[in-house]
Structure formats: structure tokens, C-alpha cells
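Written below as C-alpha cells is the structure these notes are about.
Protein chains get the first letters and strands the later ones, always in sequence-line order, with residue 1 at the start of each.
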Amino acid sequence: MKKIINQPENYVNEMLEGLYIAHPDLITYTNNDLRCLVTANKKEGKVGIATGGGSGHLPLFLGYVGKGMLDGCSVGDVFQSPSAEQMLAITKEIDSGAGVLYIYGNYNGDIFNFDMAAEMADFEEDIRVESVVAGEDVASAGPAAPGEKNTRRGVAGIFFVYKCAGAAADAMLDLDQVKAIAQKAAENVRTMGVALTPCIVPRVGKPGFELGEDEMEIGMGIHGETGIRRGRIEPADQIVEEMLDKIIADLPYVEGDEVDVLVNGLGATTLDEQYIVTRKINDVLSQKRIHVHKYYVGEYVTSLEMAGFSISLLKLDDELKKYMEAPAQTPFFVQL
Amino acid sequence: MKKIINQPENYVNEMLEGLYIAHPDLITYTNNDLRCLVTANKKEGKVGIATGGGSGHLPLFLGYVGKGMLDGCSVGDVFQSPSAEQMLAITKEIDSGAGVLYIYGNYNGDIFNFDMAAEMADFEEDIRVESVVAGEDVASAGPAAPGEKNTRRGVAGIFFVYKCAGAAADAMLDLDQVKAIAQKAAENVRTMGVALTPCIVPRVGKPGFELGEDEMEIGMGIHGETGIRRGRIEPADQIVEEMLDKIIADLPYVEGDEVDVLVNGLGATTLDEQYIVTRKINDVLSQKRIHVHKYYVGEYVTSLEMAGFSISLLKLDDELKKYMEAPAQTPFFVQL
Amino acid sequence: MEIVSLVRFLESADRIMNENREYLITLDSVVGDGDLGLTMGDGFRAAYMCVKDGTHTDAGKLLYDAGKAMSTAVPSTMGTLMASGLMQAGKALKGKDSLESHDWIILFEAYFDGVANRGKAKIGDKTFLDGLHPALDALRSAIEGGKTLEIAASEAARAAEDGFENTTTMIAVHGRAATRGEASRSLKDPGAAVAALLMKAFESSLVI
Amino acid sequence: MEIVSLVRFLESADRIMNENREYLITLDSVVGDGDLGLTMGDGFRAAYMCVKDGTHTDAGKLLYDAGKAMSTAVPSTMGTLMASGLMQAGKALKGKDSLESHDWIILFEAYFDGVANRGKAKIGDKTFLDGLHPALDALRSAIEGGKTLEIAASEAARAAEDGFENTTTMIAVHGRAATRGEASRSLKDPGAAVAALLMKAFESSLVI
Ligand SMILES: Nc1ncnc2c1ncn2[C@@H]1O[C@H](COP(=O)(O)OP(=O)(O)O)[C@@H](O)[C@H]1O
Ligand SMILES: Nc1ncnc2c1ncn2[C@@H]1O[C@H](COP(=O)(O)OP(=O)(O)O)[C@@H](O)[C@H]1O
Ligand SMILES: [Mg+2]
Ligand SMILES: [Mg+2]
Ligand SMILES: [Mg+2]
Ligand SMILES: [Mg+2]
């Protein structure tokens, strides 16, 4: 394991200490607990937005706390959920009477804890909490049948949900309205990823799986969950075509649609490669007459030092577009 | 070689195509040559600032072209200088009568070509050009004796030079003044890096050197140039101490100084690790009573998918501080 | 019965889970990520630590607080589910300062509901519930049939063990094991093993 | 002499550099990154292509343009240095529409200065200059001693070859080879090999 770390047990807390040192103007913590991260710029009367999840995905989750996006984030160990109590502490801190919206990924540990926190917030603190769960990885499961639970994993597309909900809250919409916008964003985003190498959880010290010297896995999840297929690594254009085929057919995105596109590096993949991918996405979408409103390219949701990338599409309407365009300032995302 | 690419020969141009697709509001190109990148927001009457160098270091160099920083960047093949003619084309495009400042790293190919471009700009176009060469890697050579040429490599610290010079030009200072500020920034910055893994130039297809499974190289350059020492990988805190010792003693930075700090990931090293490093830097600098004005943490200058990081310190005075704090908006760096 | 019997129950759960750390790790290593021994050991330790000083006077509050302590200590899948069970049991027994035999039925029914509500699993999904459910039936019919609490607990523990063994007839549809589909059938469910240990802890807490 | 002799010189340089691609690659692979055969082959090809149509009437402009073409084609260390040499030679011969023997001295002196100004290397630094410098001396003294241009060129070519061989007495202080310090001494300098090839090209361009 080649990492610049000290004791693996201290990995998350030392990372957090560094984060507070670097961004004192934007973030702080509550409850005397480094893992209860909240905005340093609380806006009174606004709906609070909280997220949370395991570490190892920076800039996700905590990196989107700041102005115009999220208000709080509970931080777990690497790839492990934070606790309901930590979520509750944040909920109390960021509520200013308008209620709190939880936005998080579709993972059991997170769901159980956020549900518990929501119950405690209601039961113990009389804070109204609503939740929106992002689950948009088309490789992780089929679409949910009507009335059935969505079993898809939430991955990089959650960035779009944060952005839209954050801007809506910032515009002082009420909890139901903010939730409706988050829900709309979540329903209109689809993602798929590809992994080239595994990553190593510091306390484990060895890769969770192996990939052959010339192998890739299309559809792999950000904790190494099994994807759609393994095969020899292919040219970038071919990989992008396969991924976009699946993504586009799923919603489906159709001729005349307008989308925002997120090209997301998983950790070790260079920006060069991400732009090579961007170029091909633009080709494919132009051919299908799907209009791109804006590209976001870079590391938005990583899986430690995994090599690979994901593509997310968000179908826009005027409302989502307005919220996507709104300014934001967080440690990892600044938009004028 | 595990990369998301097409033909290695097309690596740089396809990357550039993607870049123009993603950032049409900020950058464009001149001379009908993708590799002659210029700002899409030319500001009349302002001193133009150009940089350039080999590809493979994104966000360096081109990522800092935009508002409040650079005006143009010529782009070479991976780890290869662009040509003097490309630099000249950019010089012509970004000059608006106030002259042009070249800021680039201390590498022979770049020096030769920028010097030639400067001569051609003068000889053929009557454009006044001045140059500032960044060379601040304390591991690459000893300090230059008075009157001697600086033989140190320029690495991540050039970001500070860009930022200060860009803000000075944006404030409509004249060429000599902008050059003086760039020079002052260059003289007050020191950098050192450490590498954990090699990287692969796409057209070469295999690593330029090897590092053992538990080895690191302190002081290695961003093209794999030999560093100060190789050894077993150590805890983050120990690595940071060794690097800071060398950096601090070199300028030297002393008690009471105020600095900006850049913690720069070389490609595959996670943000988590970069923040673990930030925490330790803060410890050491606090002990030495060197005051940190601001931390910049992330990938600012990479070496393809190399694992490792570098630390840069910029000693501030009121003037540099003012320019560091000025707003900027480029594809890879936004500051409000 | 005094509510100290609840403290003894949690003490016994702490001891038994920690005696079975390796056993649970081994089970979870086959189908999951192998952390179950650690999370159950640490989780029930935290639950017991929270109540061991004996200052609780409300049975419901005792269980609720124990659950919260567990959820804070081990926010993993089973950690949160067990915490939800305890907290729900706490809500059901709120206000009581002593326990009848029948209250143990209420306790485990609520525990079951807490886990089921939180995890949305159904009987037959190859989870903890498939260990607890037969135990609950056994407990209920033994007590309603007039047997002593000791005998009822012992029958419940045996039923939980049987339920655990019986998970090899089921396909996992939740958590990591679910990714294996049909191949998960032959494997025993680690969560159901926790149910068996929990009922064993109940049984042994009555034998002083 | 007509200025077409300059076209012939560049044609000959193009041919000889390309004939020696592998030779230069091999030399540069030992001390550098092995690209020298490619850059010199492509660079002198570009220089020649730029002037081969014979439309240039000004010797200086011809050399300057050839240098620019080279610098655009191969912006590597040696590519830019050779371009600088040609461009400096162009400046020195600006306005001439024919060449005396003495103009070849001016040409190579300027070429030397162009490379030296650009690269800031000194004699003895184990570079291209250590191949060109003795050739320049030989050329100058042969022409000033009244020998024919053909003989002078041939003596210059021999001197360049000797200069190249002689680089094994020097320690590299520029470029990639410099990182080897004392260990660089026993190796022949690839840039000096280019000087030898360049003078050989000059020699053979006179023998039609
Ligand atoms: N939705 C659910 N409802 C009830 N029990 C569940 C559910 N999902 C998983 N389990 C139980 O949790 C056990 C695994 O727990 P744990 O090791 O904590 O999971 P992980 O380490 O994968 O987060 C499974 O054996 C199963 O019995
Ligand atoms: N400053 C300099 N002045 C003159 N010649 C130089 C200088 N630096 C390097 N050279 C010559 O360049 C040769 C290497 O050229 P090249 O292969 O193009 O370099 P690289 O591939 O390292 O950029 C050396 O053998 C040396 O003769
Ligand atoms: Mg990375
Ligand atoms: Mg990277
Ligand atoms: Mg487990
Ligand atoms: Mg070379």
C-alpha cells in the first residue's frame, strides 16, 4: 500500500483536521466532533441540507458544504456510514426552523442511519426532516418497477442533486419545494462508471479485488461493487459509446433534450483522459441531437486512488437549469 | 499501460478538443492551431501574459488561462516543449500594445523556444516581450551563486507566479511592473516533491523508471528527474518534516514570515492524503511561528498519473498578498 | 421482575457477542466484509456500558438509551439494525418500572418491528429476522401456554438456532450477500447467527 | 556560387541526418531520451522542404526561413538549437544573392553563435559546439590559407569528427546527460555527432 499517511486508524480524523485548517472561512464542525461538519456561514431561515457517508470519496461528500449548496455533512470511516447521532447533531445545528433535507446515496448503512436520525430529529427535537435518496447508477440494477424500491447505487450524479437542491434552498424555497427539486434532479440523472484499477482502504491495506494488467470493469461501483462486464481495456471512444448507450437508453434521453454532463475522474485517472472522454461524449450527444448546456469535468466523486471515470447526465428543464446556474462556493466547487 | 485513450499520437489534440468543448466561455485558440490556447476574454490595453510547456501536467499550464491570470498558453506534446512559432502566434494574439510577459519553467527546451519566440516577436512583430523563469525546486540543484544562472527546475510554485503576475496585469500595471512582481514571486517561492510511483508517457507506453513496492523518492521532478534520495516509504508526518526542513532552510523562511502554502497532488494521490499532509505542515509552521495566510490544496501541477505530492511556500509581503487575494476565473482555478 | 433483569440481559448479550467475535467474523467473511464480530462485540458492549450503572428506572428509557449508544458506536448495517430494535423495544416499554413475563414478548416483538421497519426486509429474505422470528413465536406460545420464563427463553433460543440453520434454504436479497444471487443459498446468514446469540443471551441472563 | 548551393547543403543535410537516424537514436539512448535521430531527421527534412522549390533569392532569408521551419517542426533541445543556428546564419547573410567561399565561414560562425547564444554552453561543455568549433577553425584556416572550398569542407568535416570523438574527455553540464556527472565522461556526445554529420553534409553538397 503506497500512501502518504500515518496510522491508518487516524486517516479520517487527520484528513478532517487538514480540511478545517485549509478552509476555515467555509466549514467548521459541531458537537465537538470533527466528523460533524457544518457550514461556517449559516443562513438563517433557510431550509438546511445535510448529507453524509463514508470517507474515501473526496470531494464527496463534505466538499460540497458551503454557500449555495449543502449546510452539513456527517463523515464516516472509509467506505462506512457515519452514525445517526452524528447526523442528528448536524441536523440540530443546521436547522433554523425551516426544516432539514437529507440527500444521500442509496446504501443500506446510510439509509438505516439517516432514517434513524430523521426519527430522532422528529421524536427528540421536533425538527421536520425530509429525505431524497440518490440512486442513478444504471449498471448497478434495473430501473425500479412502479411502487418498488429503487435498488440502484447512488454515485457521482448526486452532485447534481446537491447543486439543484442547494440553490433552491439558497433561494429560500420551503422544505417541500426544495425536496421536490432535489427529487426531480435525482429522477433525471443517470450515471455509469468504469474502473481500471482497484483501490486500497487504509485499514485493510490490500486491494478489495484484482483487475488484470489489461482489464477494465464496466459499471463497477465506487466501493468496488461488481459491474456489468469485465474485459480487455478498449479505446476511450469505444468505452464512452458503450457507457452512453446504456445511460441514454435508460431515462431515456431523447433528441431535443438539454443536459448537463459530469465527467468524473475516480482518482488516478488524469484530467487529460477526462477531456479525451469529454470530446467523445460531445460527438455522441451531438449526433443524437441532445444539447449540452454545460460540462463539468474533474474529480467530483472519487474512490480513493482508483483509476477510471464515470459519466453522468442530468436532463434539464428551465427550473433545474436555473438552479444549476446559480452561484456556489464550497471547498471544492466554486461557480460564479 | 492502463489509460482511457485512443491513439497515443492523438492524445494531446483530443485532450485539447475536449477542453475547448468544456470551457468555451473561458478559452479559445488562435492561428488555427489547437495548441495555441488563448483567453476568450481579451482585456484591451493590459499586459499580456503567456506561458507554455509540455502536456501531461494538467491543470498546468493551460488551465490557468482566463480572467485575472494568464492570457495564452502554447501546448507541447507530453513532456515536450511547444515550438517558438506557436509561442509567437500567441504573443501576437494577446498583445494589445502593452507588451507580453512570458512565465515558464526552467527547462532547456522551453527556455530555448521562449527565447527564440521573444526574439521573433521583437524582430518580426515589434512586440516587447519580457520573461520570468520559475525555478524553485530545492531538490533539483543548489541555489544559484550571485550572477550565476539558476539551474533549479520550475515545478508547482509557478502557480503562485502566475497568480501574482496575472493579478498585477489585471490591475493594469505596465510590463516592467508586472515583470517585477512575477520576479518577486518567483524569488520568494520554494518547492519540494516526493514521488511514490512512476507515470507512463502515452507514446512511450511504459514507465520511464521503476520504484520498488515500498519505495519513495524524495525530491523527484515532475518528469521523473532524479531526486535527493530513495528510501522506504515513511509516515506522512516524517516525509513532511524532511521536505519542510529543506524548503524552510533554503530561502530561508523565518519566524514572523507570512506565507501562502500550496499542497499539490501529483496525480494519483488522494485529496485525503493531501489534507493529512496539510495538517502536518500546519503543525510544523506553527511551531516555527511562520504564519500561513492561505492554503491551496489539490492537483495544481501533475505528472500524469504519478503518485506523490509537492509542497510550495510563497513568502508574502503586502504587495504579493494583495495580488494573491485578487479574484481569478480560469478552467481550473476560481477565486472570488 | 425488577428492571435490572434488562441490565443482566444486555450484560449477557455483551459477553456472548464478544465470546463469539471470531465466530461472527468467520461467518461474515464468507458472505460479507467480515466486520460483524467487531461491530456486534463493540455494539453490545456499548449498549451494556450505557446501562450498567443501574441508574435507569424506566425500562423503556433504558432500552432506548442502550440502542442509541449502540448506534453511535457501530453505525454499520447490523449495528444500526440492532440499535433500531432496542430503541423500538424501548418505545414499547416506555414508562414501565418492572417487567411481567408478557413484557418480554412485547420487547422482542418491538425489537423485531424495529429491525423490520428500519431494514424493510421480509421473512425469508435471509436476514436477522429469520433467526428472531421463530424465536419470537416460540417465546410467545411457551409463555401463553403457561411455561416459566426460563423454559420459554430456552425454547426461544433453540428456535432461533434452528432459524439460523434454516437460512440455508433462502436466497439473500439484502446487503453484500445479495450480489451472489442463487449462490448465496448454501451459506448461513451471519445476521441470523446474531439472532441466535441474542436469544441465547436472554436465556442465560435468567439463569443466575 | 549561386545561392542554390545553400539548397544543396540543406538537401544533403536532410539526406545524411535521415540516413543516420538509427545511429543518432542509439547514441542518444545511452545518455538522453533517444529522440535525437527523429528530431534531426524530421528537423532537417523540414528545413530542406521549406527551401527546395528554389524560389528564395536572398541567402539570408533562405537560411532564416529554413531555421524557422525546423524550429516549428521539432521544438526539442537540439531542434531549437539547430534552428537558432540557421536563423543566426540567415541574419548574417541577409541581403546576399550569391556566396563567396568566405561567406561559408560567416555562415558557420553565425551558426555557432546562434547555437551558443541560445544554449549558453561553452566550449568543453560536451555539446554540439565541441563538434562544430574545431570544424570552424579548420574551415577558416583552410580557406584563409587559399585551399579550395571542397578541400576546406573536407578538412572541416574531419575536424568535426575528431571533435566528436574528443567529447569523451569532457563532462556533460547541460541537458539530460548532465545528471550523470563524472559518469558522463566516457560517453560520446550525441549533439557533437550532429555537428560531424552537418559538416559531412556540407562536404558532400559540394561534390556533385
Ligand atoms: N435490510 C436488512 N434487514 C435486516 N437484516 C439485514 C438487512 N440487510 C442486511 N441484514 C443483515 O445484516 C447482516 C450483515 O451485517 P453487516 O456485517 O453489518 O453488513 P455490512 O458489513 O455489509 O454493512 C446480514 O447477514 C443480514 O442478516
Ligand atoms: N545548452 C546547450 N547548448 C548546446 N548544445 C546543447 C545544450 N544542451 C544540450 N545540448 C546538446 O543537445 C544534445 C541532446 O539533444 P536532444 O536529444 O534534442 O535533447 P533532449 O531530448 O534531452 O531535449 C546533447 O547531446 C548536447 O550536445
Ligand atoms: Mg486524484
Ligand atoms: Mg488525478
Ligand atoms: Mg459485514
Ligand atoms: Mg534527446
Side-chain angles (χ1 to χ4, degrees), chain A residues 9 12 31 33 35-36 52-55 74-89 104 106-124 133 139-141 148-151 153 201 203-204 206 208-209 219-221 223-228, chain C residues 25 29 32-36 38-39 42-43 46-47 50 60-61 64-88 90-91 94 113-122 125 127-128 172-181 183-184 191:
Chain A
E9 301 79 76
V12 172
N31 212 28
D33 182 350
R35 297 180 178 211
C36 295
S55 293
S74 45
V75 178
D77 270 325
V78 175
F79 297 176
Q80 302 286 342
S81 176
S83 74
E85 204 207 332
Q86 291 167 319
M87 295 166 180
L88 178 64
Y104 56 92
N106 200 7
Y107 297 89
N108 269 345
D110 298 324
I111 297 169
F112 295 172
N113 282 293
F114 271 109
D115 280 354
M116 187 185 285
E119 284 165 25
M120 296 192 296
D122 174 44
F123 190 73
E124 301 175 17
V133 180
S140 58
E148 284 283 293
K149 204 186 135 213
N150 176 17
T151 56
R153 295 186 288 262
V201 175
R203 292 181 74 166
V204 176
K206 53 181 204 291
F209 60 94
M220 175 169 278
H223 313 96
E225 294 93 341
T226 312
I228 290 182
Chain C
I25 286 174
S29 297
D33 57 358
D35 61 353
L36 195 59
L38 308 178
T39 54
D42 294 353
C50 167
K61 184 91 172 65
Y64 189 87
D65 287 353
K68 268 195 88 161
M70 164 112 92
S71 87
T72 301
V74 286
S76 66
T77 302
M78 272 294 282
T80 309
L81 290 173
M82 295 306 94
S84 301
L86 286 171
M87 289 165 79
Q88 189 68 30
K91 289 182 189 175
K94 199 170 173 189
D113 291 346
V115 175
N117 289 341
R118 179 72 60 230
K120 311 274 189 303
K122 294 185 291 291
D125 281 357
T127 71
F128 171 83
V173 294
H174 299 277
R176 287 190 167 79
T179 61
R180 299 175 169 247
S184 69

Which one, [options], leads in non-hydrogen pairs under 4.5 Å with chain C?
| options | answer |
| --- | --- |
| A:Met120, A:Glu225, A:Gln86, A:Gln80 | A:Met120 |
| A:Val204, A:Thr151, A:Asp115, A:Ile111 | A:Asp115 |
| A:Ala84, A:Gly109, A:Pro82, A:Gly208 | A:Pro82 |

Quiz item: Can you check whether A:Ser81's main-chain N or O pairs, donor with acceptor, with A:Asn113's side chain at less than 3.5 Å?
Solution: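 No, because the side chain of A:Asn113 does not come within donor-acceptor range (under 3.5 Å) of the backbone of A:Ser81.
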
Quiz item: Are the side chain of C:Thr39 and the backbone N or O of C:Ser76 linked by a donor-acceptor pair below 3.5 Å?
Solution: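 A pair under 3.5 Å: no.
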
Quiz item: Just checking, C:Lys91 and A:Phe123: is the charged tip under 6.0 Å from the six-membered ring centre and within 45° of the axis?
Solution: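 Yes, C:Lys91 sits over the ring of A:Phe123.
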
Quiz prompt | A:Arg35/A:Asp77 salt bridge by N-O under 4.0 Å criterion | solution =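 So A:Asp77 pairs with A:Arg35 through a salt bridge.
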
Quiz item: Can A:Glu124 and C:Lys68 be counted as an ion pair, charged N to O under 4.0 angstrom?
Solution: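 A salt bridge is present here (some side-chain N lies under 4.0 Å from a carboxylate O).
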
Can you tell me which portion of [X] sits under 4.5 Å from chain C's heavy atoms? Options are side chain, backbone, both or neither.
| X | value |
| --- | --- |
| A:Thr226 | neither |
| A:Glu119 | side chain |
| A:Tyr107 | neither |

Practice problem: Taking atom types as modelled, find out whether A:Asn108 and C:Thr77 have a side-chain donor-acceptor pair closer than 3.5 angstrom. | Solution: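 On atom types as modelled, these side chains do not qualify, holding no pair under 3.5 Å.
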
Quiz item: How are the rings of A:Phe79 and A:His223 set to each other: parallel, tilted or perpendicular (split at 30° and 60°)?
Solution: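 Ring orientation of A:Phe79 relative to A:His223: perpendicular.
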
Exercise. Please look at C:Met87 and chain A and tell me whether the side chain, the backbone, both or neither of the residue comes under 4.5 angstrom of a heavy atom of that chain.
Key: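 Contact with chain A: side chain only.
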
Self-check item: chain A contact via C:Ala73 - which portion, at a heavy-atom distance below 4.5 Å
Solution: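 Neither; nothing under 4.5 Å.
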
Self-check item: Residue, of C:Asp33, C:Thr80, C:Asn117, C:Leu81, that accumulates the most heavy atom pairs under 4.5 Å with chain A
Solution: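 Between C:Asp33, C:Thr80, C:Asn117, C:Leu81, the count favours C:Thr80.
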
